[in-house]
Amino acid sequence: QVQLVESGGGLVQPGGSLRLSCAASGSFFSIVTMGWYRQAPGKQRELVASISSGGSTNYADSVKGRFTISRDNAKNTVYLEMNSLKPEDTAVYYCKVDLLTYGRSRYVDWGQGTQVTVSS
């Protein structure tokens with residue numbers, strides 16, 4: 001029904017930057033919320049940032065001022081600009097979309113995850 005393709009992860013030195021993207025495709029009425037979560041080894045998955053269809057954003061305290069989430073509604077794509085990266089940002093980052101089907105049902109889907117490693 002929905003396909004999510006993530007890209008942009010990789011290895012970066014502390015203080016560096018990365019940009020993640022997640023493109024949604026398939027058959028659905030609209031995307032309500034798009035967001036990024038992350039999961040470090042031995043830890044629970046946590047919200048990094050989310051953005052509504054109207055552009056309202058929400059960030060984890062640990063990334064405020066360093067990460068910026070944005071979306072292109074025409075392309076059904078969400079981005080996460082990550083600056084001033086720290087070793088503790090190392091995790092697998094997952095895209096999440098909350099959308100409406102043509103039957104107006106809510107549907108949630110996750111991307112496959114992309115590894116972000118911050119290390120010197």
Side-chain angles (χ1 to χ4, degrees):
Q1 185 172 12
V2 180
Q3 296 80 43
L4 299 177
V5 178
E6 300 176 7
S7 62
L11 172 64
V12 64
Q13 291 186 343
S17 299
L18 282 174
R19 188 191 195 210
L20 305 182
S21 64
C22 172
S25 62
S27 179
F28 49 86
F29 178 72
S30 67
I31 298 177
V32 180
T33 304
M34 307 184 83
W36 290 96
Y37 288 68
R38 66 186 181 187
Q39 187 166 19
K43 294 188 177 182
Q44 290 189 331
R45 190 173 297 189
E46 62 176 1
L47 172 69
V48 176
S50 64
I51 184 167
S52 71
S53 56
S56 297
T57 58
N58 181 41
Y59 294 93
D61 287 342
S62 59
V63 307
K64 284 180 180 177
R66 299 188 298 122
F67 291 10
T68 302
I69 190 170
S70 61
R71 64 189 279 177
D72 184 333
N73 290 328
K75 296 181 179 179
N76 291 325
T77 299
V78 62
Y79 306 96
L80 186 68
E81 187 75 35
M82 304 185 293
N83 298 314
S84 302
L85 282 161
K86 304 175 181 180
E88 51 263 44
D89 294 317
T90 296
V92 178
Y93 284 69
Y94 297 90
C95 170
K96 177 186 175 185
V97 294
D98 183 348
L99 54 82
L100 287 176
T101 67
Y102 283 109
R104 302 301 189 268
S105 297
R106 295 294 283 265
Y107 179 80
V108 175
D109 204 2
W110 294 84
Q112 77 282 5
T114 185
Q115 177 70 47
V116 172
T117 302
V118 184
S119 175
S120 55

What's the shortest heavy-atom distance between [X] and [Y], and which atoms?
X   : Y    : value
S21 : T77  : CB-CG2, 4.4 Å
V78 : C95  : CG1-SG, 4.0 Å
D89 : S84  : OD2-O, 4.4 Å
L99 : S30  : CB-O, 3.1 Å
V5  : Q112 : CA-OE1, 4.4 Å
T33 : S50  : CG2-CB, 4.2 Å

Hydrophobic clustering (ILVMFWY, side-chain heavy atoms < 4.5 Å, transitive) - are [Y] and [X] grouped together?
X    : Y   : answer
Y107 : V32 : no
V63  : V12 : yes
L18  : L11 : no
V108 : Y94 : yes

Give a yes or no answer on whether the side chain of [X] reaches the backbone of [Y] with a donor-acceptor pair at less than 3.5 Å.
X    : Y    : result
Y59  : I69  : yes
S120 : Q13  : no
R104 : Y102 : yes
R71  : G54  : no
Q39  : V92  : no

Nearest 0.5 Å please: distance from the [atom1] atom of [X] over to the [atom2] atom of [Y].
X    : Y    : atom1 : atom2 : answer
T68  : Y79  : OG1   : OH    : 14.5 Å
D72  : M34  : CG    : CE    : 9.5 Å
L85  : S119 : CG    : OG    : 12.0 Å
Q115 : E6   : CD    : CD    : 11.5 Å
I51  : L80  : CD1   : CG    : 10.5 Å
T101 : F28  : OG1   : CZ    : 11.0 Å

Between R66 and M82, is any pair of side-chain heavy atoms under 4.5 Å apart?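 No. Closest side-chain heavy atoms not under 4.5 Å.
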Heavy atoms, side chains only, cut-off 4.5 Å: are R38 and S62 in contact?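 With C-beta onward as the side chain, the pair touches.
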Residues L20, V116; criterion side chain to side chain contact (heavy atoms under 4.5 Å, CB included); working and verdict: CA-CA 9 Å; L20 305 182; V116 172; 4.1 Å; yes
Tell me whether E88 at atom CD has more than 12 heavy atoms from other residues, nucleotides or ligands lying less than 6.0 Å away. yes
Test log, rule side chain to side chain contact (heavy atoms under 4.5 Å, CB included), inputs V118 and K86: CA-CA 6 Å; V118 184; K86 304 175 181 180; 5.5 Å; no
What do you reckon, are the aromatic ring centroids of W36 and F67 less than 6.0 Å apart?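 So the answer is no for these two rings.
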